[in-house]
2 protein chains.
Amino acid sequence: MPRLRVALAQVDPTVGDLAGNAALVRGWTRKAAESGAHLVAFPEMMLTGYPVEDLVFRESFVAASRKALEQLAADLVDDGLGDVVVVVGYLDADGPARVSAAAAAGKGPRNALAVLRHGAVVARYFKHHLPNYGVFDEDRYFVPGDTFQVIRLGGVDIGLTICEDLWQAGGPFAVAAAARVGLVLNINGSPYEVNKDDVRLPLVQRRAAEAAATVAYVNMVGGQDELIFDGDSMVVTPEGTVLARGSQFAEELLLIDLDLPTAVDAEPPATAGGMRIQRTEVTGPLTRLGEDRIEGRTAPRVTDEAEVWQALVLGLRDYVRKNGFRSVIVALSGGIDSSVVAAIAVDAVGADQVYGVSLPSGHSSQHSRDDAADLAQRTGLHFHTTPIQPMVDGFLANIALDGIAVENLQARVRGVILMGLSNQDSHLVLTTGNKSELAVGYSTLYGDSVGGFNPIKDVLKTMVWQLARWRNAEAERRGETPPIPQSSIDKPPSAELRPGQLDTDSLPDYAVLDAILHGYIDGDVGRDGLLAAGHDPAVVDRVLRMVDLAEYKRRQSAPGPKISIKAFGRDRRLPITNRFQG
Amino acid sequence: MPRLRVALAQVDPTVGDLAGNAALVRGWTRKAAESGAHLVAFPEMMLTGYPVEDLVFRESFVAASRKALEQLAADLVDDGLGDVVVVVGYLDADGPARVSAAAAAGKGPRNALAVLRHGAVVARYFKHHLPNYGVFDEDRYFVPGDTFQVIRLGGVDIGLTICEDLWQAGGPFAVAAAARVGLVLNINGSPYEVNKDDVRLPLVQRRAAEAAATVAYVNMVGGQDELIFDGDSMVVTPEGTVLARGSQFAEELLLIDLDLPTAVDAEPPATAGGMRIQRTEVTGPLTRLGEDRIEGRTAPRVTDEAEVWQALVLGLRDYVRKNGFRSVIVALSGGIDSSVVAAIAVDAVGADQVYGVSLPSGHSSQHSRDDAADLAQRTGLHFHTTPIQPMVDGFLANIALDGIAVENLQARVRGVILMGLSNQDSHLVLTTGNKSELAVGYSTLYGDSVGGFNPIKDVLKTMVWQLARWRNAEAERRGETPPIPQSSIDKPPSAELRPGQLDTDSLPDYAVLDAILHGYIDGDVGRDGLLAAGHDPAVVDRVLRMVDLAEYKRRQSAPGPKISIKAFGRDRRLPITNRFQG
């Protein structure tokens with residue numbers, strides 16, 4: 001059996017940074033070459049970053065992607081890396097940038113993969129299955145490919161596929177079986193969701209069985225606006241054995257020596273499953289491998305809380321870094337949400353880049369102020385206090401407000417202060433509304449909702465508590481100071497906008513609320529289904545009404561990392577104007 | 001030739017209001033019956049409203065739509081309207097609510113049309129071509145139909161189609177020709193864009209020629225979040241003659257007597273163009289027509305400015321009405337943007353429901369205050385003044401800000417006051433940033449950008465001036481007081497956030513800016529293309545950079561009516577994190 005040394009580069013590109021992404025490919029290809037790899041595979045749309053959304057429609061962007069690919073092929077030779085076979089995702093087009101009438105003729109923008117060697121593009125593949133659900137709009141952007149590309153390298157036939165091709169049975173992986181390849185490469189931009197890794201492995205196993213070939217799966221790492229790519233690259237045999245598996249949320253080069261079946265020269269079919277099969281020989285000698293065989297490493301799996309925490313930290317870090325911020329600012333109320341956000345921020349960018357401000361009003365309890373200060377001391381973030389009452393009183397002296405309008409006024413005065421400090425010192429403002437609050441509209445628009453990024457936007461309140469407990473326990477395990485004051489975890493949640501106010505005055509208990517929200521939002525379960533699940537009809541009616549009415553607030557909310565099966569934002573598209581109840 | 005009396009009901013449904021929409025169908029069917037119509041056609045997704053977006057995924061919503069259709073059929077009989085053939089759009093499903101694996105089996109949610117008579121659904125048709133571009137995501141929601149439905153009524157064969165079916169050659173209209181029908185009905189939810197009516201007529205003419213049949217096109221009217229449906233229903237012969245054409249932006253019943261070819265009984269093909277042809281006889285006698293023949297009326301066409309003005313008025317009126325607001329509030333600076341928004345609001349909901357507030361600072365000129373007061377007097381809206389300086393000073397006494405941070409502070413104090421008044425009196429806050437400002441980020445987030453709806457969100461600054469001049473001229477033509485002070489139109493625009501500030505201090509002249517924005521945004525023209533069009537390279541680079549950097553602000557902006565080929569929002573989906581320039 002021929003032996004191939006394969007490197008899966010799970011790396012973190014930036015959307016639109018063609019030069020920077022190409023530099024990443026060169027750097028990681030060098031590492032692969034230094035380890036003797038014959039082939040190194042990079043993620044989907046590596047050169048452009050992913051997803052590029054409507055940038056696809058700009059001809060100049062498509063041209064830049066194609067040009068960057070040519071340049072990369074040449075630069076790899078200049079780097080002395082021409083011998084390594086580099087598989088890289090990019091944006092291509094063989095027709096107008098807009099999918100329209102041209103699509104009928106099967107021409108247009110392509111979610112593409114190129115095989116580079118010795119300065120040339122030796123093969124290309126266009127993604128066959130285009131996802132158009134959840135956060136994905138690929139029917140909007142791409143024309144599907146209809147050719148299955150096989151490359152022969154070192155006597156092994158390798159089939160090339162991209163992301164969604166893996167998620168559907170009877171597609172390119174069935175064609176791979178017909179083409180009798182020994183290995184299927186699958187390059188991905190597959191966003192993180194809680195438990196997605198538990199779905200991904202059996203999926204790769206099913207597809208490896210369908211292809212009757214080993215599958216090498218490489219996924220992107222990093223944050224892009226609301227998406228987090230978690231890596232979790234892997235190599236799985238046709239029998240389902242995991243030969244190697246990368247970690248999540250970190251760049252790494254997953255290296256492995258694979259003994260693969262020799263390519264069969266008997267005439268195979270020229271088409272299968274509606275796809276044409278195209279074969280390309282990758283010529284030129286391969287680096288001779290030494291005696292030492294590289295066995296793949298398998299990263300340990302972690303708990304859900306650890307996974308989510310790492311996801312949120314990476315999502316925030318990348319938003320800060322890729323958008324050129326140097327620091328973040330967050331209002332610390334002493335409550336659980338702002339405490340968790342601050343702790344995430346400290347893990348993401350370091351305490352010295354985190355500015356916490358306490359903005360107490362006359363209704364703020366002493367324990368709130370103490371807990372905020374305690375958090376600052378535990379984490380080492382910058383901290384100062386500005387009481388808001390003088391400014392609140394300034395408004396009340398000039399306009400006649402009462403009731404909820406006064407409650408909201410306090411939140412908005414805080415928002416003005418935060419934004420002023422952000423403008424003055426160029427901090428990114430973090431907002432701290434959890435998913436349960438966003439769902440029911442338990443927030444003040446332009447008040448506590450101000451901010452450029454919301455680390456816990458997709459985290460239900462009950463999960464916020466779980467994360468806090470996990471992070472403190474993790475600190476203790478490491479012999480560090482737990483970042484979050486126990487009192488912030490234990491006390492009953494309150495917005496403290498009027499004396500003695502508690503969240504439970506206007507909301508059901510969070511355990512009840514979150515169960516309803518999980519059904520209604522993540523599961524699209526309507527009223528009848530929720531009642532059948534045993535929820536109280538009056539509570540269900542009230543919660544559903546609150547969720548529907550708050551759509552206008554969510555439409556103006558800050559972005560934040562998706563961790564659930566359905567995050568607010570592009571994942572859940574609902575009208576504001578909507579009279580349906582049920 | 002058999003004669004049919006056809007009624008096209010271009011009416012204004014509300015998303016999710018199944019009972020209300022069914023009541024509309026009954027009411028307009030009564031009018032049609034009173035005029036002796038044999039058939040009345042309603043718009044696409046009439047029963048559910050359109051677009052319903054992710055409501056499609058809720059099984060309870062699909063079930064409610066199907067049930068509402070059955071109920072409607074029965075109610076029409078109770079109303080004594082069972083003889084009239086009613087064609088109505090609704091949401092159906094013959095598979096799981098989510099388009100997924102089931103789609104491969106050709107089952108799932110359907111953008112559907114039903115033909116009702118005598119209490120029964122006598123025929124159904126499922127939309128064949130699904131738009132998945134611009135604001136449309138129909139591949140996300142629907143499984144395409146593959147059956148072309150023909151009904152025979154009064155000896156005439158009528159083919160049934162929905163919206164996008166009209167926009168593509170070689171589809172159902174080609175099948176209509178193969179099926180030799182005498183009339184093709186096309187029911188629509190076709191959103192307004194400037195000049196779309198000029199595209200629509202030639203399109204209907206081309207399709208009528210392709211079908212070799214008369215085409216009856218009926219479109220929805222009304223506002224739904226960011227979309228405005230403009231009506232413009234029409235009847236066109238195979239030769240391209242316009243027999244009738246409805247007005248835009250108003251509900252109406254377009255009635256016409258059509259002498260149509262007798263159905264051919266020779267055996268026609270059972271399939272054509274990949275679609276199965278299904279034929280259904282609509283039985284039962286038709287109302288005998290009298291001697292008087294109803295000729296279709298043809299509404300006069302109006303200028304672009306009149307069209308846009310009516311669109312914005314309808315968009316605002318429907319947002320207010322359908323979301324249960326009773327009044328709107330707007331900050332009046334004396335500038336052109338807020339003046340135009342106030343005038344639109346007065347036309348939309350009446351002066352007595354419009355509250356204008358002047359919020360002058362120390363930098364506000366006397367002419368600004370005077371112009372705001374003048375506008376109030378001209379239009380009759382409620383008006384009062386609250387100077388902001390005391391509140392601005394309150395912040396400056398407590399936090400150290402200078403430069404841009406102080407400019408933004410003023411805008412944010414205004415935002416807090418507006419939102420306070422909104423909370424206090426339940427007004428909808430109108431925000432007044434034009435498309436040019438939104439494009440380049442010339443606004444203060446949570447400051448002048450606060451508000452639930454932005455009537456001029458998609459109106460470039462140069463068009464704002466055109467609209468103001470048109471509206472004033474229109475008032476003069478009608479012998480009324482022009483609403484907008486001439487001085488607001490004539491003076492150079494300024495944000496008045498520091499002494500002597502002018503927009504041109506930081507922006508190019510608006511004529512230059514708008515030309516670049518039109519190319520970059522509406523046309524996806526990149527840097528090279530803009531230079532080729534003769535724009536100054538330094539200006540292009542600066543403007544493109546500003547547009548890209550402001551994406552994060554637009555993501556939190558209020559909704560507003562789409563009038564251009566590409567509005568900010570679902571029409572233009574760009575990443576915030578994006579390093580591409582060009």
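Below, read A as the first sequence line, B as the second, and so on, with proteins coming before strands; counting in each chain starts at 1. Model, not experiment: these values are computed from the prediction.
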| field | From CA spacing to verdict: side-chain contact (heavy atoms from CB on, under 4.5 Å), Tyr446(B), Leu445(A) | value | CA-CA 9 Å; Tyr446(B) 321 125; Leu445(A) 191 57; over 6 Å; no
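- In summary, the side chains of Arg579(B) and Asn21(A) do not present any donor paired with an acceptor at a separation below 3.5 Å, with no hydrogens or angles considered.
- Here Gly134(B) is the residue among Gly134(B), Pro387(B), Pro390(B) with the most heavy-atom pairs under 4.5 Å with chain A.
- In this structure, Phe580(B) and Phe61(A) have perpendicular ring planes: the angle between them is above 60°, well past the 30° mark.
- Considering every non-hydrogen atom in both Pro559(B) and Gln556(A), the closest pair reads CD-NE2, 4.3 Å.
- Contacts with chain A were tallied for Lys553(B), Met391(B), Gln224(B), Arg573(B); Arg573(B) has the most, counting heavy-atom pairs under 4.5 Å.
- Side-chain contact of Thr577(A) with Asn323(B): a donor-acceptor pair under 3.5 Å is present, judged by distance alone.
- Heavy atoms closer than 4.5 Å to chain A are found nowhere in Ala63(B), neither backbone nor side chain.
- Checked by atom type and distance alone, the side chain of Arg555(B) never pairs as donor or acceptor with a backbone atom of Ser557(A) at under 3.5 Å.
- When every heavy atom of Gly582(A) is checked against every heavy atom of Ser60(B), the shortest pair comes out as O-OG, 2.9 Å.
- The residue among Asp425(A), Asp137(A), Asp528(A) with the most heavy atom pairs within less than 4.5 Å of chain B is Asp137(A).
- Ranking Asn408(A), Leu409(A), Leu18(A) against chain B, the residue ahead of the rest is Asn408(A), based on heavy-atom pairs under 4.5 Å.
- When atom types are taken as modelled, the side chain of Gln424(A) and the backbone of Asp402(B) share a donor-acceptor pair closer than 3.5 angstrom.
- Residue contact with chain B, scored on non-hydrogen atoms closer than 4.5 Å, involves the backbone and the side chain of Ala558(A) alike.
- In this model, no donor atom of one side chain and acceptor atom of the other lie less than 3.5 Å apart for Asp139(B) and Asn132(A).
- Atom-to-atom distance recorded for Tyr319(A):OH and Tyr552(B):OH is 8.5 Å, nearest 0.5 angstrom.
- When each of Asp17(B), Asp225(B), Asn578(B) is checked for heavy-atom pairs under 4.5 Å with chain A, Asp225(B) comes out on top.
- Taking the side chain as every heavy atom from C-beta outward, Pro575(A) and Leu55(B) approach each other to under 4.5 Å.
- Using a 4.5 Å cut-off between heavy atoms, Arg321(B) touches chain A through its backbone atoms (N, CA, C, O) alone.
- Leu396(A) CG: more than 12 foreign heavy atoms inside a 6.0 Å radius.
- Each of Asn398(B), Ile404(B), Asp393(B), Val52(B) has some count of heavy-atom pairs under 4.5 Å with chain A, and the biggest count is that of Asn398(B).
- Residue with the most contacts toward chain A among Gly403(B), Gly420(B), Gly170(B): Gly420(B) (heavy-atom pairs, distance under 4.5 Å).
- In terms of heavy-atom pairs under 4.5 angstrom with chain B, the leader among Val450(A), Asp318(A), Leu549(A) is Val450(A).
- Counting heavy-atom pairs closer than 4.5 Å to chain A, the top residue among Val56(B), Asp54(B), Ile399(B) is Asp54(B).
- For the residue pair Tyr520(B)/Arg58(A), the side-chain donor-acceptor check at 3.5 Å is satisfied.
- Counting only distance, with no hydrogens or angles, the side chain of Arg412(B) and the backbone of Ile417(A) share no donor-acceptor pair below 3.5 Å.
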